[in-house]
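Take a look at the structure set out below.
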Amino acid sequence: MITFRAGAATDTGRARAVNQDSLLVVDGRLYAVADGMGGHRGGEVASALALESLAGLAESTTAALVNGITRANDAVYLRSSQDPELRGMGTTLIALALAVDADGQELLAMANVGDSRAYRFRGGRLEQMTEDHSLVESLVRQGRITAEEAVTHPQRNIITRALGVDPEVEVDSWELPAVPGDRYLLCSDGLFNEVEPATIAATLAERVDPDDAAAELVRLANEGGGRDNITCVVVDVLDGPGGADEPVARVDTASEPDLGAYGPATAPTPAVPAADHTPALIGALPDHLPDDEPGGIPTKHRRTRRLTWRVLIFVVALLALAATVVAALVHYGRDTYYVAFDASDRVTIVKGRPGGFLVFDPTVERVTTISLDDLRETAVERVRTQPDQATLEDAEVFVANLCEALRADAEPSECSGTDGTAGNTTGQPAASTRSSSATTTSP
Ligand code: MG
């Protein structure tokens with residue numbers, strides 16, 4: 001009779017905002033870790049949904065465990081296709097379960113999809129039991145890059161297989177003898193990307209209590225950087241019929257992806273494979289998306305902010321230029337004067353431009369008592385050319401000068417001094433003749 005003692009720990013880590021990992025401990029028979037991926041809520045939902053589905057596993061056989069994972073795939077895929085917000089979500093899944101073979105012999109069944117891992121710790125030695133369904137591990141398995149190159153490979157976050165992204169999923173599965181004293185570690189990549197295998201082994205040797213061991217491994221991963229969610233489930237085999245000399249039997253292995261376009265790590269690797277030789281990286285997806293890491297201020301966001309400042313400065317400069325242009329136009333259209341005859345042929349000082357300028361219509365500043373008939377022909381001509389007067393004072397001087405060009409019989413009060421405006425060099429018009437409100441258009 002196989003008996004276990006298990007402990008577990010999970011943590012968001014130091015860079016991510018949410019924990020998209022999930023773990024399952026159905027004590028005495030089933031243990032699992034799932035590492036979800038997908039923007040917003042996707043990753044959390046995928047990993048939780050997969051393990052919820054797996055927890056319903058009733059039968060204890062290796063085939064049942066694989067079926068359970070296939071059903072979990074269905075559940076995640078269905079949910080993903082029903083909810084646009086969750087589209088494209090997926091999860092890894094590593095599971096260890098108590099199983100009984102055809103002869104009624106108890107053993108351990110293990111199944112894996114993705115790049116979470118199972119390790120076995122036996123006699124002080126740590127052994128990785130699963131193969132990562134990741135691009136770099138496939139390249140290592142195919143002898144195209146070395147294990148050392150894989151550690152720093154720019155595409156080490158690409159996984160080639162995940163649960164929930166396709167209607168079908170291929171599952172790796174194994175059968176192992178249940179050997180008393182063996183310790184299994186199920187974990188997400190947040191652990192082994194931060195903690196060296198030797199340190200993991202030393203911790204599993206040192207920390208006897210499985211909960212304690214799991215918590216210490218999580219702490220070490222955070223100490224190492226904590227760049228991803230970290231989940232560890234430690235399962236001790238207390239009792240079981242297996243012997244240490246019994247082999248591990250591989251039951252099913254997912255097919256290797258065709259990595260045709262991915263050259264050795266020493267050659268440039270395309271970020272996106274060229275269309276004409278796209279490899280069959282079915283289900284390949286990064287194990288995290290930009291949305292997953294608000295804690296780390298992704299480069300993209302920094303760039304957006306810089307761009308916004310640049311745009312802001314540009315807009316301010318543009319507004320300043322526009323204001324200058326408007327001020328110049330207003331000045332040109334409104335802050336000048338001219339002298340003309342009004343409808344009843346009176347000499348009139350007008351503010352603005354003859355005929356108006358843009359939206360600025362000219363407005364009457366002052367109607368004088370000089371009429372067209374009072375003026376000699378040359379003076380009439382001078383008025384008719386409507387010369388610009390830079391200021392109101394200039395316009396008044398122009399009008400005063402007209403008094404020098406009167407016909408012999410003309411005696412307008414403007415020029416006789418009877419209304420007090422003649423020779424008015426200050427340019428201040430008489431209030432009685434002022435008609436500032438004649439036509440009112442102000443800018
Ligand atoms: Mg992860």
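We count ligands from 1, going down the list as the structure has it; atoms in each ligand are counted the same way. It should be emphasised that the depicted structure is a prediction, and the values quoted were computed from it without experimental measurement.
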Atom name of the N, O or S atom of Asp189 nearest to the Mg ion (ligand 1) is OD1

If the cut-off is 2.8 Å, does any N/O/S atom of Asp115 fall short of it from the Mg ion (ligand 1)? no

Within the stated cut-off of 2.8 Å, is an N/O/S atom of Asp21 closer than that to the Mg ion (ligand 1)? no

Donor-acceptor pair, Asn73 side chain versus Asp166 backbone, under 3.5 Å? yes

Looking at the Mg ion (ligand 1), which N/O/S atom of Asp35 is the nearest one? OD2

Of the N, O or S atoms in Asp228, the one nearest the Mg ion (ligand 1): OD2

So, does Ser134 use its side chain to make a donor-acceptor pair with the main chain of Ile158 at under 3.5 Å? no

Check: Gly226 main-chain N/O paired with Asn222 side-chain donor or acceptor under 3.5 Å: no

Looking only at side-chain N and O atoms, does Asp21 offer a donor or acceptor that is under 3.5 Å from a partner on Thr231? yes

Quick check with a 6.0 Å cut-off and a 45 degree axis cone: is Arg353 positioned over the face of Phe360's six-membered ring? no

